[in-house]
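To start, the structure itself, in C-alpha cells.
Order of appearance sets the numbers: ligands from 1, and atoms from 1 within every ligand. All residue numbers refer to positions in the sequence shown, counting from 1. Computed from heavy atoms alone, side chains included, the values below leave out hydrogens, waters and symmetry copies. All of these numbers come straight from a predicted model, not from anything done at the bench.
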Amino acid sequence: MSVLPSYVRGGWVTPDGVEGRPMSDAVTGEEIGRLATDGIDMAAVAAYGRRTGGPALRELSYHQRASLLKALGGHLREHRDELYAASARTGATKGDAKFDVDGGIGVLLAYASLGKRELPAAGPWLDGDLVPMSKGGTFVGQHVYTPLQGVAVQVNAYNFPCWGPLEKLAPAFLAGVPSIIKPATPTAFLTAELVRLIVESGLLPEGSVQFLAGSTGDLFDHLTEQDLVSFTGSASTARQLRTHPVLSARAVRFTAEADSLNCSILGPDATPGTPEFDLYVSQLVTEMTVKAGQKCTAIRRAFVPAEQADAVVEAVRAQLTDVVVGDPSAEGVTMGALAGLEQREEVRRSLKSLTDEAEIVFGDPEQVEVRGADAQRGAFLSPVLLRATPDSAAVHEVEAFGPVSTVVAYSSTAEVVELAARGQGSLAGSVVTADPAFAREVVLGVAPWHGRLLVLDRSDAKESTGHGSPMPQLVHGGPGRAGGGEEMGGLRGVAHHMQRSAVQASPDMLSAITGRWVPGSARTVTDEHPFRKHLEDLRPGDTVVGGPRRVTEADVEHFAEFTGDTFYAHLDAEAAAANPFFGERVAHGYLVVSFAAGLFVDPAPGPVLANFGVDHLRFLTPVKFDDELTITLTAKDISPRASAAYGEVRWDAEVVNAAGEPVAKYDVLTLVAKREGSDG
Ligand code: NDP
C-alpha cells in the first residue's frame, strides 16, 4: 500500500522503502494508505517555513492576507464534494462531514472578514490606546503587535480532519506566520486531500503551508524562540509535548486543547412539558450522535435535578432508539462509525471503567445493529447512555471519546456548580433553563472552569449554534484538563501568533513608527483644506482649525426648540443651578459637536464622500453662554480599502473653549475617494 506524500519545502515528497503506519476505512476496515515521514529533514522544513513562508506572508498586508483566506474558502467550497467523499471513509455521515468541512471553510471566511474589518490596511496592528506617561505629554506609550518570525507547528486530532487544521491555519495565516500541519494518523488521508486542494489552488504564498503526512520526527528539537506549537489531542500527549526540553528551554509558545468532560445542566424550572426540557433532551442526543460523539466539546456529563432524572433518562432513551447506525452512505443512517477500530477499543475500555460505578441505561457497548456494513469490520458502536450517582469518581475523570454520556442527578445549585468543577476544566458547558437567577448563579459559578458556556432557552434555541460548536468569533479552549489553551476567539487567535511590545517614545517618534498621527505630535495646517485632498494625498497630521464661534443663549434656545431636546440643564436656570455638574444653564453637547462640524467642514463637492460615524465622544467641560469654541481636526489614520474606490479616514477632533480648555474630544470617521479609483 502506498505511502502518502508530505508537502514540504515547495514540493510533494514520498519516503522510499518504508512500511509506514496504516490508515483504514472506518466503515469497511480496508486499508487506505500509509503514513511515514522518514528521511524528511525536519530542521530544513522549519527553516523553509521561516525563510520562505514567513517573509512572503509578511510582505502582504493584513487585508491582502484576508483576501487570500477568502479566496481559499471559495476554492475549497467549490471542491467540497471531494472532501465529503474522503470524509465518508472516516465514518462520517454527510451531516458530520458538513460540520467538519463547511465548518472549516466558515472559519477561513470568518477570519477573512475579521481581517478586513478590524485590522489595519497598512502599518502595525496596535493594541489598545495611547498611554500617557508624562505630565508634559512628551513621553507616551503604545502596545504594538508584530508577527512572530517563526513557524506555527499545528498538531491535529483525528476527529476534525478539515476543521481542525483550518481553525489553526486561519489565524496563523492572518497574523503572517507560516504553518506546518501535522494530521492525526486515523484520518490523515482526509487532511491530505484538504492540503492537496490548498496547494493546487495556487493561492497561498510559497512556504506558508507545509504538511507532514506522518510523525513530526525530530521537528521539536529544531524549534526556536519565535516558533509556536498548537496542539489538539489527548491530555497525556499534551503533557509530553509541553514538557519537551527544547520547548521549555526556548520558551516556545505552546497551546493545547485536550480531553474535556463537558457538562450540560438542566435547570430545576425545566420540567417535562416545558420547551427547555425538550431542548435539553434533544441537545444531549445530538451531542452523543453527531460525529458519533467524537467531539472534544460533546456532552459527557448530563446534570439534571434529582426529581427529573427518571424523566430525562426516559426521554433520551426514546430518542436514541431512533438512531440508525451504519455506513454513512446507506439510506436512513443517522450515525456513522468511529474513526477506527483502535478508537472503538479505546471507547470500550473507557466504558469498562465507567461501568464500574455507573449503570448502562441504553445501548450495548459490544453489540449494535448496523445498516449497510459489517458491524465487526467497521468501527461501529451503539450510543451508550449511563446513569451514575454524583459521588462516582469515574464520571468526572474518564472520557469515553464516542457516543457516550452519563446522567447524574443533583439536589441543589451549589452542588451542581461543584460537580461541574470536578471535571477539572472543560472546553464547553451548557445550562438549559428559563430562570435568569439560576442561569446567573450557575454561569458565574462554573465559568472559572470553562472556556465557553451556552445558556439555552426557548428564546435563543432557534438561532443558537449549539453546545458543541466552537465559533471562530469566540474563544475555543478551556482551563486545566482541557489543556489550558485558547484558540480562535476572533482576533485573540491572531494575537496569539504575534509579539505584543510596549513602545515608549515621544509622540512624534511614535507617529513615525506606527504610521498613525498620535496626539501630541506635530500637526500640519495645510494651505489646501484637507477635505479637498484625495486619499493618496492626505498625510497623517494634516490639520484644519476652525473658529472661534460664540455660543449664545439664543443658539441654545433655538437648538432646544428645533430638535426637541429641552433638557432642564439648557433651559431651566433654577434646575441647572442645582445640578452639581453645571451650576448654571449650559449648551447642549450635540450643539457643540454640530457647531464644530460647521467649523471644519468644507462644503463644496469633493473627495470626502461621507461621514460614517463618531467614536469615543466625550464632553469634558460644560459650555456656558457666550463662550467661544475652536475646533482642531487632524487626519489620524488613513486606511485604503483594496477593492473600493475609497478608503476610511479617522480624524482626531478636539474642541476647546476660549480659555483653551478641552470641551469635547472624539474621532470623526469619513470615507474619502481615491484619486486613482479602486486598486484591487
Ligand atoms: P493523541 O494525543 O494521541 O494524538 C493527537 C495528535 O498528537 C495526533 O496528531 C498525534 O499524531 C500527535 N502526537 C502524538 N504523540 C506525539 C508526539 N510525541 N509528538 C508529536 N505529535 C504527537 O490523541 P488521539 O488523536 O489518539 O486522541 C486520543 C484522545 O484525545 C481522545 O480519545 C480524546 O480523549 C482526546 N481528544 C481531544 C480532542 C480535543 O479537541 N480536546 C480532540 C480529539 C481527541 P499521531 O496520530 O501520528 O500519533
Check: H396 ring centre within less than 6.0 Å of W449 ring centre: no
Check ion pair E82-R196 (N to O, under 4.0 angstrom): yes
For [X], take its heavy atoms, then give the atoms of ligand 1 lying under 4.0 Å from any of them.
X    : answer
T216 : 19 (N), 20 (C)
E399 : 33 (C), 34 (O)
P183 : 9 (O)
E257 : 39 (C), 41 (N)
N159 : 42 (C), 43 (C)
C296 : 38 (C), 39 (C), 40 (O), 41 (N), 42 (C)
F231 : 2 (O), 5 (C), 6 (C), 7 (O)
A184 : 8 (C), 9 (O), 46 (O)

Just by distance, with hydrogens left out, do [X] and [Y] show a side-chain donor and acceptor under 3.5 Å apart?
X    : Y    : value
Y158 : E342 : no
D102 : Y84  : yes
Q499 : R253 : yes
H244 : D221 : yes
E357 : S392 : yes
S179 : Q154 : yes
S201 : H75  : no

With only distance considered, is [X] within less than 3.5 Å of ligand 1 through an N or O on each side?
X    : answer
A157 : no
T185 : yes
N156 : yes

Per atom 28 (C) of ligand 1, closest listed option by heavy atom (S234, G233, G164): S234
Heavy-atom nearest neighbour of atom 4 (O) of ligand 1 within options T187, L427, T237: T237
Side chain, backbone, both or neither: which applies to [X] and ligand 1 if a contact is any heavy-atom pair less than 4.0 Å apart?
X    : answer
A258 : backbone
F160 : neither
E346 : neither
V155 : side chain
Q240 : side chain

In terms of residue, atom name and distance, what is the protein heavy atom nearest to [atom]?
atom                    : result
atom 5 (C) of ligand 1  : T232 O, 3.6 Å
atom 26 (O) of ligand 1 : Y158 CE2, 4.0 Å
atom 17 (C) of ligand 1 : L241 CD2, 3.8 Å
atom 10 (C) of ligand 1 : K182 NZ, 4.0 Å
atom 32 (O) of ligand 1 : F401 CB, 3.3 Å

Can you name the closest pair of heavy atoms from [X] and [Y] and give their distance?
X    : Y    : result
T14  : P5   : OG1-CB, 3.4 Å
A393 : R422 : CA-NH2, 4.3 Å
G423 : R481 : O-CD, 3.7 Å

S260 to ligand 1, any heavy atom closer than 4.0 Å: no
R21 heavy atom under 4.0 Å from ligand 1: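 Yes, that is the case, since the closest heavy atom of the residue is under 4.0 Å from the ligand.
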R250 atom CZ, over 12 foreign heavy atoms within 6.0 Å: yes
D356, CG atom: more than 12 neighbouring heavy atoms under 6.0 Å: yes
Side chain to side chain contact (heavy atoms under 4.5 Å, CB included) evaluation trace for L419 with Y410: CA-CA 8 Å; L419 287 175; Y410 71 86; 4.0 Å; yes
